[in-house]
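Nothing fancy with the numbering, it's 1 onward along the sequence.
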Amino acid sequence: QVQLVESGGGLVQAGGSLRLSCAASGRTYSVRTMGWFRQASGKERECVAAISWAGGITQYTDSVRGRFTISRDNSKNTVYLQMNSLKPEDTAIYYCAASRRTEVQTARNGYDYWGQGTQVTVSS
């Protein structure tokens, strides 16, 4: 099993920035792709960003491309999501996810482990 713990969420004004972190523990040797998902109230959970094991391949949903940056530090078993120019529509619970698959995944069923989530609220 792999355990994921997110941190860094909070309340920020529109235009501000936040940096989310996700620390993995347990059988981390099995982890390849990692991703960040979000779920706003009444909406489906969507993949915001995903990153390959070595960090060379990243994918973003269109609504955050150019504003969010996903990165990872495998020596610390940690993945990050730097969020800039935040908008009220970015308000959601953000979840970290880990996959045993080498190919970068953006679908929920491509991930094997999930964190508990961290709330991000952007005020207008």
Legend entry - Met34 versus Cys96, closest heavy-atom pair with distance: CE-SG, 3.8 Å
Inset, instruction - Examine the side chains of Tyr111 and Arg101 and answer whether a donor and an acceptor come within less than 3.5 Å of each other. - result: no
Inset, instruction - Would you check if the side chain of Thr106 reaches a backbone N or O of Cys47 as a donor-acceptor pair within less than 3.5 Å? - result: no
Inset, instruction - Quickly, which of Val104, Thr58, Ile57 forms a side-chain contact (heavy atoms from CB on, under 4.5 Å) with Ile51? Name it, please. - result: Thr58
Under 3.5 Å, side-chain donor or acceptor atoms of residues 10-31 against the rest of the protein: list the pairs with distances, not counting sequence neighbours.
unit_1 : atom_1 : unit_2 : atom_2 : d
Ser17  : OG     : Asn84  : OD1    : 2.9
Ser30  : OG     : Arg27  : O      : 2.8

Inset, instruction - Spell out, as yes or no, whether a donor-acceptor pair under 3.5 Å connects the side chain of Ser99 to the backbone of Asp112. - result: no
Inset, instruction - Decide whether Tyr95 and Val79 are clustered together by the hydrophobic rule: side chain heavy atoms of Ile, Leu, Val, Met, Phe, Trp, Tyr closer than 4.5 Å, transitively. - result: no
Inset, instruction - Give a yes or no on whether a salt bridge exists between Arg65 and Asp62, defined as a side-chain N under 4.0 angstrom from a carboxylate O. - result: yes
Inset, instruction - State the CZ-CG distance between Phe68 and Leu81, to the nearest 0.5 angstrom. - result: 6.0 Å
Inset, instruction - Without swapping roles, check the side chain of Tyr94 against the backbone of Gly9 for a donor-acceptor pair under 3.5 Å. - result: no
Legend entry - Results of side-chain hydrogen bond (donor to acceptor under 3.5 Å, both in side chains) for Arg32 - residues two or more places apart only: none
Inset, instruction - Check whether more than 12 heavy atoms from other residues, nucleotides or ligands sit under 6.0 Å from atom CD of Gln116, and answer yes or no. - result: no
Inset, instruction - Answer yes or no: is there a side-chain heavy-atom contact under 4.5 Å between Arg38 and Val64? - result: yes
Legend entry - Aromatic ring proximity Trp114/Phe37, centre distance under 6.0 Å: yes
Inset, instruction - Would you please name every residue forming a side-chain hydrogen bond (donor to acceptor under 3.5 Å, both in side chains) with Arg45, sequence neighbours left out? - result: Gln39
Legend entry - Straight-line distance of Gln82 CD to Arg67 CZ, nearest 0.5 Å: 12.0 Å
Inset, instruction - Please confirm whether the backbone N or O of Glu103 pairs with a side-chain atom of Gln105, one donor and one acceptor, at under 3.5 Å? - result: yes
Legend entry - Side-chain donor or acceptor of Thr91 paired with backbone N/O of Val122 under 3.5 Å: yes
Legend entry - Steps toward side chain to side chain contact (heavy atoms under 4.5 Å, CB included) verdict (Trp36, Ile70): CA-CA 8 Å; Trp36 285 98; Ile70 188 171; 3.7 Å; yes
